[in-house]
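Basis for what follows: all heavy atoms, side chains included, without hydrogens, waters or symmetry-related copies.
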Amino acid sequence: MNALPLAFGAPAILAGLIALPVIWWLLRVTPPRPVREIFPPLRILAQLLKKEETPNKSPWWLTLLRLLLATLVILALSEPVWNPRPETLIGKEPVAIVLDNGWSSNEEWPARKETAERLIGDAANSGALIYILGTAERANTDIGPFDATTALERVRALNVRPIPVDRAAAFARLKTALANISGTRIAYLNDGIDTPAADAALKSLQDAKIASMIWYQPSISAISAIRQAENSANGLTVHAVRPSNDRGPGAVTIGAFDEKGRRIAETGLVFSAGEATGQAVINAPYELRNDFHTLRIDGTAQAGATFLIDDNNKRRRVALLSGSDADLSQPLLSPLYYISRALEPFADLLRPRNAELVRAVPELLEQKPSVVIMADIGKLPPETERLLSDWVNNGGTLIRFAGPRLAGSDDDPLLPVTLRKGERSLGGALSWKESQPVAAFPDNGPFAGLPTPQDVTVTRQVLAEPSSDLYDKSWANLADGTPLVTGETRQRGQLVLFHVTPEATWSNLPISGSFVDMLHRLVALSRNAGPAVNGNGASASRALPPYLILNAEGGLMPPTGDAKPLITKPGETPQVSFDNPPGFYGVEDAMSALNLFRPDGEIKPLARPDMSFPVTTARYAVDESLPLRGPLFALAALLLIADALAILWLGGHLRRRYRTVAASLAILLLPVLFAIEPSPAHAQQNDSKPGDEAIIEAVNATHLAYVITGDSAVDDISKAGLAGLSRALADSTALEPGEPVGVNPATDELAFYPLIYWPVDAAARMPSPEAIAKIDAYMQQGGTVLFDTRDQDAAAVSFENATTPSNQRLRDILAGLNIPPLEPVPSDHVLTKSFYILQDFPGRYRGSPLWVQASLSTEARSDRPVRAGDGVTPIMITGNDLAGAWAIDASGSPMFPTIPNDPMQRTYAFRTGINIVMYMLTGNYKSDQVHVPDLLERLGN
């Protein structure tokens with residue numbers, strides 16, 4: 001028995017097997033009951049010469065049957081389990097269960113919680129105290145000790161956080177809690193991903209008198225994340241990372257979504273064999289790329305698979321203007337050559353087609369640039385100067401470079417400082433001063449944090465008149481204190497002046513690497529969601545309130561109470577933490593993205609450390625044990641039935657009393673039938689009516705159908721809702737629908753129903769591929785499915801960006817269907833006038849749009865109040881819980897209140913349902929020209 005994977009919950013009952021010989025002896029000495037015969041004299045005479053056949057003992061096969069029956073009952077009472085799970089935490093010593101609940105744990109979180117619950121059950125059997133610790137929780141979270149009941153509640157309340165784990169802080173807390181306790185057993189349910197100082201954090205437990213550790217580590221081969229996105233000239237370059245120990249080739253699909261959650265682009269990214277990083281380019285027009293809001297890896301549900309894009313990742317349009325024409329034979333002497341080379345990698349450059357400033361400036365501003373750069377342009381025409389000034393005041397950034405023309409101009413209002421007449425020469429034969437190097441960039445300017453250029457010298461510059469605010473306006477200076485770059489904030493915009501030329505004549509700054517960094521910083525000032533700036537354009541520390549944050553699945557959601565404002569400081573990169581999870585911070589028109597991964601982020605496997613105490617490796621809970629109690633009792637019941645039949649046969653009853661035997665057999669089988677609980681699949685088929693009878697009934701009347709989800713509460717609401725709508729149709733129209741019918745898309749014929757209502761339930765099973773295929777064929781052949789996520793109270797419908805569990809499930813369902821382009825119902829759609837004239841389509845909730853197939857023609861004509869077209873939409877999507885508003889009880893009273901509780905909202909909900917059904921049955925009949933006069937009259941035109 002030890003060689004078999006078999007265990008018993010009550011092994012003492014196996015002692016009953018000793019009684020089998022006694023049972024065998026009793027069965028042997030107890031013969032079966034003799035056959036009873038009616039006393040017919042002639043039959044007795046005919047049998048006088050026959051040998052006596054009444055047995056004096058039980059037949060051997062009947063004895064064996066009964067011994068086997070007794071053995072099965074004894075074994076079943078002993079609670080046998082095949083392939084039992086060994087108890088890992090036996091003993092009264094304290095137990096510490098540590099769970100990694102960071103971003104990478106989401107997809108396997110149920111298995112980890114199940115493992116923790118089983119470990120708590122093992123510890124509870126011994127009465128041990130239990131510590132529960134999550135490595136991505138606040139430092140002040142209570143970790144115990146708890147009893148088994150409280151520990152189980154703590155584990156069930158523990159959730160995945162979209163942040164990295166902090167093992168150093170977590171194990172330091174655990175070590176402090178166990179300072180005066182010896183012999184503690186630790187179960188570490190880790191996520192398999194290494195973090196900085198993870199080995200040191202684990203090694204610190206060696207001084208805590210730990211008795212042993214159980215090491216649970218999952219496979220991380222399926223994890224991948226986006227760590228960077230660069231908006232280059234040809235497309236958006238996406239950088240992804242996977243575990244460094246994954247040596248084979250791999251591939252993922254990355255989708256790009258706009259602010260409304262619509263998928264507008266995608267690309268495939270390939271990991272080469274032996275490479276942990278990969279990159280791909282999303283080739284899309286500049287305007288479309290600037291609409292990218294999030295990037296997401298398909299097929300994975302964790303925060304690392306989502307990358308947020310703010311204005312810092314968007315390409316700017318930069319307009320270039322020069323006061324002199326370029327010499328094509330000597331391009332290096334062109335005023336705009338080095339500026340163009342510096343900005344081309346991260347900006348789209350605009351150049352005028354006309355050399356006249358009066359025409360060139362308006363032409364460039366019509367293209368809505370973020371930055372205008374002017375190289376050595378002196379006094380501007382009044383109209384052009386006023387146009388540029390208004391543009392700056394409205395948020396534009398004007399960058400100007402000095403030169404002979406600017407040095408000779410007077411009182412230019414588009415400069416941050418007042419200039420002295422002429423320029424200053426350094427290092428020449430007639431100069432007392434040598435050429436000057438660049439001093440360290442001041443901390444109060446936008447160049448703070450950039451390294452001081454050591455190889456840059458200036459030989460000529462324009463000087464600023466001394467003033468009280470010159471120091472605040474100086475963003476870069478020479479070693480002698482004279483300004484190199486000045487700037488100021490002008491209302492919503494910025495004015496910047498380089499006191500040298502953009503070509504390498506007055507200085508070698510344009511041919512240095514610092515020039516590229518400085519221009520990049522200045523162009524970044526033009527973004528709406530850029531860093532806070534003070535009066536001199538310097539980045540300032542500020543607190544950005546959380547606007548949208550990532551959840552554990554990688555979807556955006558409103559901030560929770562745990563999220564705190566993000567403190568940004570000049571020269572510092574904000575870090576993801578419990579208080580600042582990844583997400584968008586700021587306000588709607590000025591958001592800054594905080595992503596989980598840095599551009600150099602890696603995914604390294606966590607190595608099991610060598611500890612001074614025993615460490616054993618275990619797998620996460622996969623329950624492969626099989627309780628045999630039920631099957632043994634069922635087999636014993638069958639043997640009992642066989643024994644009864646044998647007794648009846650030996651007693652002669654089967655030969656004469658067939659009806660009595662059949663009734664007895666039914667009585668014996670009845671408990672067995674009740675003991676077998678029907679599966680959900682069988683229960684779901686109770687509402688369906690298979691066979692010819694259902695077909696005949698379906699074609700004799702119009703039935704509204706709903707998809708059976710398996711949740712009795714949801715299905716009852718769907719049935720009651722369609723029953724209420726059917727009654728409203730009978731009261732208001734000539735249609736008298738039959739009873740609503742529940743359908744299983746995988747097995748039932750759908751062609752009989754013009755409309756199928758599908759309440760999307762995240763807890764229900766995902767439809768099978770066969771069901772998806774039948775739904776797709778139904779929609780292609782003229783049927784319509786009305787999907788209702790019923791979650792408008794939680795979030796608006798977004799069938800491509802799942803913000804709620806129901807939206808996520810809807811997206812999974814739609815992924816297997818051929819869905820046409822969708823749009824909210826336009827005001828001239830037939831649905832708005834098919835029976836009642838409606839403006840919106842409320843249900844129990846109000847606010848979610850009703851999505852239908854997008855019309856091919858978007859032309860709106862005043863003489864046609866309804867859009868013409870053919871056919872009806874094969875799909876509708878809403879989140880307003882239509883069935884909840886339609887649902888009535890047996891007395892005809894509403895089952896649920898509307899939200900808000902407005903009686904007219906329920907009236908409009910019924911009108912919505914009537915319009916939908918009429919539209920399904922009549923198509924675009926109301927768009928015919930014959931109805932136009934009546935519709936115009938009712939609309940008041």
Next item on the list: Please say whether the positively charged group of Arg296, taken as NZ for Lys or CZ for Arg, lies over the ring of Phe257, i.e. under 6.0 angstrom from the six-membered ring centre and within 45 degrees of the axis.
Entry: yes
Note to self: When you measure from the centre of the six-membered ring of Tyr908, is the NZ or CZ of Arg911 closer than 6.0 Å and no more than 45° off the axis?
What the structure shows: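 Geometry flag: set, cation within 6.0 Å and 45°.
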Notebook entry, point to check: Hey, mind stepping through Asp788 and Thr878 against side chain to side chain donor-acceptor pair (under 3.5 Å) and telling me if it holds?
Noted result: CA-CA 5 Å; Asp788 194 342; Thr878 185; 5.1 Å; no
Item checked: Centroid separation His293 to Phe584 less than 6.0 Å -> yes
Next item on the list: Give a yes or no on whether the ring-centroid distance for Trp851 and Phe841 is below 6.0 angstrom.
Entry: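 Not under 6.0 Å, so no.
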Check: side chain to side chain contact (heavy atoms under 4.5 Å, CB included) with Ala116: which residues, sequence neighbours excluded?
Finding: Ile97, Leu99, Val155, Leu189
Item checked: Shortest non-hydrogen contact from Asp715 toward Gly710 ->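 Distance-wise, the nearest heavy atoms are OD2-N, 3.2 Å.
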Next item on the list: List the atom of Pro903, the atom of Asn901, and the distance in Å for their closest heavy-atom pair.
Entry: CD-O, 4.0 Å
Under 4.0 Å between a side-chain nitrogen and a carboxylate oxygen: does that hold for [X] and [Y]?
| X | Y | result |
| --- | --- | --- |
| Glu739 | Lys719 | no |
| Glu137 | Arg161 | yes |
| Arg809 | Asp761 | no |

Student check: side-chain heavy atoms of [X] and [Y] closer than 4.5 Å:
| X | Y | result |
| --- | --- | --- |
| Thr306 | Leu596 | no |
| Arg727 | Ile888 | yes |
| Ile254 | Glu266 | no |
| Val160 | Trp103 | no |

Notebook entry, point to check: Does the side chain to side chain donor-acceptor pair (under 3.5 Å) test come out yes or no for Thr709 and Asp711, once each step is laid out?
Noted result: CA-CA 5 Å; Thr709 63; Asp711 187 332; 5.7 Å; no
Checklist line | Residues which pass salt bridge (charged side-chain N to carboxylate O under 4.0 Å, His left out) with Asp298, listed by chain and number, not counting sequence neighbours | finding: Arg263, Arg811
Item checked: Residues forming a salt bridge (charged side-chain N to carboxylate O under 4.0 Å, His left out) with Glu108, sequence neighbours excluded -> Arg112
Note to self: Walk me through whether Ile297 and Thr253 qualify under side chain to side chain contact (heavy atoms under 4.5 Å, CB included).
What the structure shows: CA-CA 6 Å; Ile297 298 176; Thr253 300; over 6 Å; no
Next item on the list: Using modelled atom types only, decide if a donor and an acceptor are shared between the side chain of Thr832 and the backbone of His829 within a distance under 3.5 Å.
Entry: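 Present.
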Next item on the list: Could you check Ser105 against Asp100 for side chain to side chain donor-acceptor pair (under 3.5 Å), going step by step and ending with a plain yes or no?
Entry: CA-CA 7 Å; Ser105 302; Asp100 282 346; over 6 Å; no
Checklist line | Step-by-step side chain to side chain donor-acceptor pair (under 3.5 Å) determination, Thr300 to Glu107 | finding: CA-CA 8 Å; Thr300 182; Glu107 295 191 5; 2.6 Å; yes
